[in-house]
There are 2 protein chains.
Amino acid sequence: MAEKDVKKKTSSGAPGGGRREVRPTKQQPSRQVSIKDIARLARVSHPTVSRALQNSPLVNPATAAKIRKIAEAAGYRPSAVARGLVTRRTRTVGLVVTTVADPFASAVACGIEQAANDHGYAVFLANSNADAEHERKVVQALAERRVDGIIVTSSRVGSDYLPMLAQLNVPMVLVNDQYPGEFVHSVMIANEEGSRAATEYLIGMGHRRVAYVGDRSGYQTETERLEGYKRALAKAGIEFDAKLAVHGDGRPEGAAEAMEALLQLAEPPTAVCCYNDMTALGAMRAIRARGLRVPEDLSVTGFDDLFFAEYLEPPLTTVRQPMRRMGEMAMENLLKLMSGEDSVAQVKVGAELIVRKSTGRVGMKPGPQMRGTGGTQGLGAGRRNG
Amino acid sequence: MAEKDVKKKTSSGAPGGGRREVRPTKQQPSRQVSIKDIARLARVSHPTVSRALQNSPLVNPATAAKIRKIAEAAGYRPSAVARGLVTRRTRTVGLVVTTVADPFASAVACGIEQAANDHGYAVFLANSNADAEHERKVVQALAERRVDGIIVTSSRVGSDYLPMLAQLNVPMVLVNDQYPGEFVHSVMIANEEGSRAATEYLIGMGHRRVAYVGDRSGYQTETERLEGYKRALAKAGIEFDAKLAVHGDGRPEGAAEAMEALLQLAEPPTAVCCYNDMTALGAMRAIRARGLRVPEDLSVTGFDDLFFAEYLEPPLTTVRQPMRRMGEMAMENLLKLMSGEDSVAQVKVGAELIVRKSTGRVGMKPGPQMRGTGGTQGLGAGRRNG
DNA sequence: GTTGCTACCGCAAACGTGTGCATCGCGGGG
DNA sequence: CCCCGCGATGCACACGTTTGCGGTAGCAAC
């Protein structure tokens, strides 16, 4: 065997002389340039380089400038992993979503990434596949990576995290926790108020038989939105009819099936309040498949206000979640937690009903409908323990 | 259920007696349990613990079992950062997308995350905001994190990475590179073939005045798709009319504006081939706003086959990109590169025309249109340098 | 009894950075 | 002349792992 690039420690003589001439026999990873390399080049100790690069006042401005110049020229990039080891802070957060392919999750993720990036944090992305067990797994994995904090959206675990977290010792904030009961730190949308507003709007348009298409998973947002629907009915003196409350799977396919069942009822609804926009997507397809029109024959509302909602035909009346903003808020809360502040707790963000053209007066005639001006109303905003 | 097993450090002798007794002036992060802790508990050296935990044959199965049990009970989680420092491999990849909120990007990201997770890799997510300068920045940041590899989708930098990469010394694969010219490792969709197929399909339906709504950014996918459109025209003996090729911004808003211009032409088109589904979304809205119908008055095609395409009214005829699969392929290629293999290069994946109901024969009568069976055709698949 | 082999296990040195503390040169005040 | 202070820098250690290598039993073969 040829010798393996003997590491010579020639301290004083010719520091940059015979560079490590890696021979291309095997692709030698050609060690990254380290802080010691540029210390040698600058003829100072490596701590001085470290200090110079982080603008410490302890180092002479002149030498600092010189060091920075050399580091720049050598293309030196400090190793975040070595730094993380000694400082015990990685400036990294973990983000777990059900799946990035979900438009709600990706919108929230976008806000989080933005805020994280602005504060010098990098974000680990992980999918939970909407499975509690897998979610726990990826959280554990993130903990092994020594992330400084964790955000999980639509958690299936929720307050069950408490024992694990006590051991892991890493702050966590939840976005739209799906687990019944309250988690310590979370940002939640006003599900009940939003769903209630949508239903009340439908009732206000004269509808008496308004249905609800939910998510059979039975998680927290589902139960809250269903509750909002029921409250609106109760307030209007309309008795809740279990036959009008059906359940899809939160996705268009399942929603379409559920909607079909609704349409086959002896006395079908004239309006339907959907669990979310994806559900509305499927519901509208099922409605069209029966040769019915929205909103002339049937009014439809959604929840989320995903990007495509306003481009549907007809544009979808829906309850808006400020998804990006919610992501930012989650990140801001996490930043506080990571810096030691412990004040912030649950924050509940207001939902906003966006009226478009998928809703109309009951029994409305086909034709040029009124120009919906997109009236909005804020709902249920507020925060506790702020 | 396993009982809670309180963490007791009072093993026996006092090896950990007067350990560095840091005074708790500031909130002490309560040091994570390390490999040495459990080495002490198991009365072995910490290297033995290390080997036991990675199932090394060098350690006695009995002691290994004992060690694992103790580690489990103590809730020990090895530090990936410490490991990364010594092994010089972080088992981490960086993923940079224009923005996660983009449905195309998030679909690709989903495939990547999946494949990465399957192989024990974690993924750093970063947004480039579709800006070349920012993209370079985040790639640098990822390099500082010592990721083992990088994937960037819709790169604005492309082969300009070469010098930087030579210095960073980290493998990179591009998905749908937007920079003219070829990058070393990439997975690309067959843009030209796909766009050409869509246009040919329209022509086959009798359309002669078929327009193109592009993306004014003028990046690579745009030019290729435009080229495919032109080729189809040429093949059919239709002269390219510059007035029929307009440019939005790849998003619904800009596309709607561009489409309006098209509709105000003295001789408006009877069909329009859109740069992507988002563009089609805007185009269709603009068409409806003029009181025209799709496909009776105007046929529309998209590109991507985003999840909502089949739920539009009418369902969108579009060119499918297997986005998840492309993400997986990118990750698989990256895995090979990271393991030292250097064979894989550009792979071009076939596009598939999905015929739905947004397209019809020119001058078709309103009414129940034929049941589009969703005929498909694979296009332009292949790989080079495999 | 020496040798050699095998199966385990510990020592020590890394990996690249941050940081408390000692050191050093030097100017000024006593 | 001595001492003190101060600004600038280096020393040494720590962070939590992995890994090459040397050591030590136990045992069999000679």
Side-chain angles (χ1 to χ4, degrees), chain A residues 1 4-7 9 11-12 29-40 42-67 71 74 76-91 143-146 148, chain B residues 15 19-23 25-26 28-40 42-67 71 74 76-91 143-146 148 169:
Chain A
M1 278 305 164
K4 248 234 180 102
D5 174 48
V6 271
K7 204 191 287 188
K9 296 214 166 197
S11 50
S12 65
S30 82
R31 194 173 61 79
Q32 294 265 14
V33 27
S34 87
I35 198 175
K36 293 186 186 167
D37 293 325
I38 73 131
R40 202 179 316 125
R43 301 178 175 286
V44 293
S45 70
H46 74 270
T48 302
V49 175
S50 172
R51 285 187 260 257
L53 261 29
Q54 49 193 114
N55 299 322
S56 164
L58 292 182
V59 44
N60 187 316
T63 55
K66 170 182 156 202
I67 288 174
Y76 169 66
R77 297 274 139 192
S79 162
V81 2
R83 174 181 299 147
L85 183 57
V86 48
T87 64
R88 310 166 92 97
R89 300 197 56 224
T90 53
R91 293 204 145 258
E144 288 197 17
R145 302 270 179 190
R146 297 296 187 262
D148 293 336
Chain B
R19 254 317 155 32
R20 161 193 23 204
E21 196 58 38
V22 191
R23 91 184 56 64
T25 54
K26 233 24 183 175
Q28 177 72 359
S30 84
R31 194 173 61 78
Q32 294 264 15
V33 28
S34 87
I35 198 174
K36 293 186 186 169
D37 294 324
I38 75 131
R40 203 179 316 124
R43 304 178 169 287
V44 294
S45 69
H46 72 270
T48 300
V49 175
S50 172
R51 284 188 260 257
L53 261 30
Q54 50 194 113
N55 298 322
S56 162
L58 293 182
V59 44
N60 187 316
T63 56
K66 171 183 155 200
I67 289 174
Y76 168 67
R77 297 274 139 192
S79 162
V81 0
R83 174 183 300 146
L85 182 57
V86 48
T87 63
R88 312 166 91 98
R89 301 196 56 221
T90 53
R91 293 203 144 258
E144 288 197 17
R145 302 274 179 185
R146 297 296 188 262
D148 294 336
N169 194 39

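Convention: sequence-line order gives letters A, B, ...; per-chain numbering from 1. Heavy-atom basis, side chains included; hydrogens, waters and symmetry copies ignored.
- C:dT19 atom C1' lies 16 Å from atom CZ of A:R89, rounded to whole Å.
- Counting all heavy atoms, side chain and backbone alike, B:S45 lies closest to B:A39 at C-CB, 3.8 Å.
- Each of B:L85 and B:R51 was matched to the nucleotide of DNA chain C holding its nearest heavy atom; the match closer to the 5' end belongs to B:R51.
- Closest approach to the A:Q54 side chain among C:dG18, D:dT9, D:dG16 is made by C:dG18 (side chain taken as heavy atoms from C-beta onward).
- For D:dT9, its base never sits under 3.5 Å from the side chain of A:H46 at any donor and acceptor pair.
- Closest to the side chain of A:N60, from the set C:dC9, D:dT9, C:dT17, is D:dT9.
- Rounding to whole angstrom units, CG of residue A:N55 and P of C:dG18 are separated by 12 Å.
- Across all strands, B:V44 comes closer than 4.0 Å only to sugar-phosphate atoms, never to a base (heavy-atom distances).
- Between A:I67 atom CD1 and D:dT9 atom P the separation is 7 Å, expressed in whole Å.
- Nearest nucleotide to the side chain of B:R88, out of D:dT17, C:dG18, C:dC15: C:dC15.
- Taking CZ from A:R77 and CZ from B:R145, the interatomic distance works out to 13.0 Å, rounded to the nearest 0.5 Å.
- Comparing atom distances between the B:P78 side chain and each of D:dT19, C:dC9, D:dT17 picks out D:dT17 as nearest.
- Distance check, rounded to the nearest 0.5 Å: CD of A:E144 to OH of B:Y76 gives 8.5 Å.
- We find that CG of B:D37 is positioned 13 Å from C1' of D:dC15, with the value rounded to whole Å.
- Set against C:dA14, C:dT17, C:dC9, the side chain of A:R83 has C:dT17 as its closest nucleotide.
- When each of D:dC15, D:dT17, D:dT9 is scored by its nearest atom to the side-chain atoms of A:V86, the top-ranked nucleotide is D:dC15.
- Nearest-nucleotide positions on DNA chain D for B:L58 and B:T87 put B:T87 closer to the 5' end.
- Considering only heavy atoms from C-beta on, A:Q32 stays 4.5 Å or farther from A:S79 through its side chain.
- In terms of phosphate contacts, A:S50 brings a side-chain nitrogen or oxygen within less than 4.0 Å of OP1 or OP2 of C:dG18.
- Residues A:R146 and A:T90 come closest through the heavy atom pair O-OG1, 2.8 Å.
- Within the 4.0 Å cut-off from OP1 or OP2 of C:dG10, at least one side-chain nitrogen or oxygen of B:S45 is found.
- At whole-Å resolution of the value, NZ in B:K36 and P in C:dG10 are 14 Å apart.
- Rounding to whole angstrom units, CZ of residue B:R145 and P of C:dT17 are separated by 14 Å.
- Shortest non-hydrogen contact noted between B:I67 and B:A42 is CG1-CB, 4.1 Å.
- Here C:dG10 presents its C1' atom at 13 Å from CD1 of B:I35, a figure rounded to the nearest Å.
- For A:T48, taking side-chain heavy atoms from C-beta onward, the closest of the listed nucleotides D:dT9, C:dT19, C:dG16 is D:dT9.
- In the set C:dT19, D:dG16, C:dC8, the nucleotide with an atom closest to the side chain of B:S79 is D:dG16.
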